[in-house]
Amino acid sequence: MPKEYRTIQEVSGPLMLVREVEGVSYNELGEIELANGETRRCRVLELNGTDALVQLFEASTGINLEESKVRFSGRQMELGLSLDMLGRVFDGLGRPIDGGPEIIPEKRADVNGVPMNPAARSYPQEFIQTGVSAIDGLNTLVRGQKLPIFSASGLPHAQLAAQIAKQAKVLGANEQFAVIFGAMGITFEESNYFVESFRETGAIDRTVMFSNLANDPAIERIATPKMALTAAEYLAFDKEMHVLVILTDITNYADALREVSAARKEVPGRRGYPGYMYTDLASIYERAGRQRGKNGSITMIPILTMPEDDKTHPIPDLTGYITEGQIILSRELYRKSVNPPIDVLPSLSRLKDKGIGEGKTRKDHSNTMNQLFSAYARGKDAKELMVILGEAALTDIDKLYAKFADEFENKYVSQGFDTNRSIEETLDLGWQLLKILPRSELKRISDELLEKYYDA
């Protein structure tokens, strides 16, 4: 029977100080029993001699210091794991919220995970098809990669996240694929939207969803991505599945981190976020990857809304240092009704060259990708020039580039949230657009490929 403590000294926001504890360890779970018999869960955040600073998972209202008692469980936060998790919806602490039965676990795992030994990592190099041309064709996602989406408030990142979760797949026979969807601090409507859109397409059957709502406690928000990644590690490395983890919204997670840090009266860093936010984000992002000798992989797409559309804000800034590129959504494209509004020029996938080419996508992928980037950049310049000097100032070739830029945005980037394009369709569409330009302008494509695709 765990020892009970009636030595609660004070309660401040989500924190509680318990005196004269023995044998208690950092991160250990506990429960508080109130005078009326109600219990609430908590976790040890800090130890100082015999004093334990405890973090509450639920509200602190109604805790009477004299009559409430605390018991510590002797174990850290764990998640029960089983293949039965597929197709289920859980809250941020891993409890089922879809009306289904409790999971009977095959094993239990500490949600904090174990860091992957860098020497055991295998280099990401296989293509993942998302069905979104602006990602597959130009900023290709590779198995084991961390590729964040930088969005802003009011942009349709939720629809893009749902689209990728429904459409993503690995090419190749007998490859098992699963999606782990971790939502932090979202509204009930958003949560409902994700669940319903997965159910409509049948994607729910291969999805495990962890949903933390905006009115849930901040501490639960901090646990949500760890729960999601623990489930991903089980499916990837125990069951040899290829797992895509989508986390939205990392900004809500970082704000919860700041809230708890402020309650602990820690010295704030940039914009009030704790100084250890970089380390904390790295402990989440670095759980993605591939391991030598294991077939499974964890690929991660964290989604974050940049406060005030600012790329230099600490959250996108630190995320950019840890991850391998970024997909940037543009308010300007969204105003033009381009959906998904992916701005391909500042977007970048640092591993795209490893996942494309013959045997992975198609031999012409690399050449056409470079040519499309180049032509779109020149087309945008021509359009800016047209705004300043008028169309009459443009040469005939500049007018063709301006036309190319418009067609590229309207046909290639803008495909809506329900169109699922195969990589062949994306590459063929790229060739159709390049035919707007004379063959002599396509200097980044070999003659062999021009004969096969341009002249055809």
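Because the structure is predicted, anything quoted here is derived from the model rather than measured.
With a 4.5 Å cut-off on side-chain heavy atoms, L93 and F210 do not count as touching. Side chains of L160 and N339 form no contact here, defined as non-hydrogen atoms less than 4.5 Å apart. The side-chain heavy atoms of R421 and Q415, taken from C-beta on, include a pair separated by under 4.5 Å. By the 4.5 Å heavy-atom criterion applied to side chains, M85 and P105 are not counted as neighbours. Residues S446 and N367 have side chains in contact (heavy-atom distance under 4.5 Å, counting atoms from C-beta outward). Two residues are said to be in side-chain contact when any heavy atoms from C-beta on lie closer than 4.5 Å; I32 and M16 meet this criterion. The side-chain heavy atoms of V70 and V21, taken from C-beta on, include no pair separated by under 4.5 Å. Side-chain contact between E424 and L427 is absent, with no heavy atoms from C-beta onward closer than 4.5 Å.
Minimum interatomic distance between K107 and D238 (heavy atoms only, all atoms of both residues): NZ-OD2, 2.9 Å. L155 approaches S330 most closely through the heavy-atom pair CD1-C, 4.2 Å. Nearest heavy-atom pair, G137 versus Y412, reported as atom, atom and distance to 0.1 Å: CA-OH, 3.4 Å. Nearest heavy-atom pair, L304 versus P316, reported as atom, atom and distance to 0.1 Å: CD1-CB, 3.8 Å. Residues D136 and T140 come closest through the heavy atom pair O-OG1, 2.9 Å. Closest approach of L81 and A109 over heavy atoms only: CD1-CB, 3.6 Å.
With E10 contributing its side chain and L17 its backbone, the two residues share no donor-acceptor pair below 3.5 Å. Although no hydrogens or angles enter the test, the distance criterion places no donor-acceptor pair under 3.5 Å between the side chain of S261 and the main chain of L257. Side-chain atoms of Q167 come within 3.5 Å of backbone atoms of T130 as a donor-acceptor pair (strictly under, hydrogens ignored). Not one N or O on the side chain of S414 forms a donor-acceptor pair closer than 3.5 Å with the backbone of K411. Side-chain atoms of T230 come within 3.5 Å of backbone N or O of V111 as a donor-acceptor pair. Judged by distance alone, the side chain of S12 and the main-chain N or O of L15 form no donor-acceptor pair under 3.5 Å. The closest donor-acceptor contact from the side chain of Q163 to the backbone of T419 lies under 3.5 Å. For the pair E58 (side chain) and R41 (backbone), a donor-acceptor distance under 3.5 Å is present. Distance alone, capped at 3.5 Å, places no donor-acceptor pair between the S133 side chain and the V413 backbone. Using a distance-only test at 3.5 Å, with no hydrogens or angles considered, a donor-acceptor pair links the side chain of Q76 to the main chain of Y26.
Applying the salt bridge (Lys or Arg N to Asp or Glu O under 4.0 Å) test to pairs two or more places apart or on separate chains, those with a residue in residues 112-135 are R121-E286, E126-R290. Residue pairs meeting the salt bridge (Lys or Arg N to Asp or Glu O under 4.0 Å) criterion with at least one partner in residues 46-56, sequence neighbours excluded, are R19-D51, E46-R264. Screening residues 231-281 for ring-ring contact (aromatic ring centres under 6.0 Å, His included) gives Y273-H313 as the qualifying pairs, with residues at least two apart or on separate chains. Residue pairs meeting the salt bridge (Lys or Arg N to Asp or Glu O under 4.0 Å) criterion with at least one partner in residues 226-237, sequence neighbours excluded, are E233-R287. Legend: side-chain hydrogen bond (donor to acceptor under 3.5 Å, both in side chains) pairs involving residues 204-217, not counting sequence neighbours, sorted by first then second residue: S191-S211, N212-E220, N212-R221. For residues 124-154, there are no ring-ring contact (aromatic ring centres under 6.0 Å, His included) pairs, not counting sequence neighbours. Here salt bridge (Lys or Arg N to Asp or Glu O under 4.0 Å) pairs that include residues 291-304, with residues two or more places apart or in two chains, number zero. Every pair passing side-chain hydrogen bond (donor to acceptor under 3.5 Å, both in side chains) that includes a residue from residues 349-360 is listed here, sequence neighbours excluded: Q145-S349.
Checked for salt-bridge contact, R271 and D317 miss the test: no charged N lies under 4.0 Å from a carboxylate O. A salt bridge links D428 to R362: one of the charged nitrogens lies within less than 4.0 Å of a carboxylate oxygen. A salt bridge is defined here as a Lys NZ or Arg NE, NH1 or NH2 lying under 4.0 Å from an Asp or Glu carboxylate O, and D381 with R378 fails to meet this definition.
A donor-acceptor contact closer than 3.5 angstrom links the side chains of N27 and R43. When only modelled atom types and interatomic distance are considered, Y376 and E409 share a side-chain donor-acceptor pair under 3.5 Å.
Residues satisfying the side-chain hydrogen bond (donor to acceptor under 3.5 Å, both in side chains) criterion with E259, sequence neighbours excluded, are absent altogether. Considering only residues two or more places apart in sequence or on other chains, F198 meets the ring pair (Phe, Tyr, Trp, His ring centres under 6.0 Å) condition with F181. Under the side-chain contact (heavy atoms from CB on, under 4.5 Å) criterion, T39 pairs with E31, E33, R71, sequence neighbours left out. Looking at residues two or more places apart in sequence or on another chain, you find a ring pair (Phe, Tyr, Trp, His ring centres under 6.0 Å) between Y5 and F72.
Within a 6.0 Å radius of CG in D418, other residues, nucleotides and ligands contribute 12 heavy atoms or fewer. For K169, the NZ atom counts as loosely surrounded, since its 6.0 Å shell holds 12 or fewer non-hydrogen atoms of other residues, nucleotides or ligands. The neighbour count for K336 NZ, taken as heavy atoms of other residues, nucleotides or ligands under 6.0 Å away, is above 12. No more than 12 heavy atoms of other residues, nucleotides or ligands sit less than 6.0 Å from atom CD of E332.
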Stepwise, does the side-chain contact (heavy atoms from CB on, under 4.5 Å) test hold for T426 with V132?
-> CA-CA 8 Å; T426 290; V132 179; over 6 Å; no
In sequence, state the C-alpha distance, the side-chain angles, and the governing distance for L247 and I303, and then conclude on side-chain contact (heavy atoms from CB on, under 4.5 Å).
-> CA-CA 6 Å; L247 299 175; I303 297 173; over 6 Å; no
Give the intermediate values and the outcome of salt bridge (Lys or Arg N to Asp or Glu O under 4.0 Å) for residues R331 and D309.
-> CA-CA 9 Å; R331 208 176 279 285; D309 296 17; 2.8 Å; yes
May I have the step-by-step check of side-chain contact (heavy atoms from CB on, under 4.5 Å) for L138 and I342, ending in yes or no?
-> CA-CA 11 Å; L138 301 171; I342 295 172; over 6 Å; no
Take L372 and V344 through the side-chain contact (heavy atoms from CB on, under 4.5 Å) test and state the conclusion after the steps.
-> CA-CA 10 Å; L372 286 166; V344 298; over 6 Å; no
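Interatomic distance, E407 CD to Q432 CD, rounded to the nearest 0.5 Å: 10.0 Å.
Just one residue in the list V208, I97, I103 forms a side chain to side chain contact (heavy atoms under 4.5 Å, CB included) with R88, and that residue is I103.
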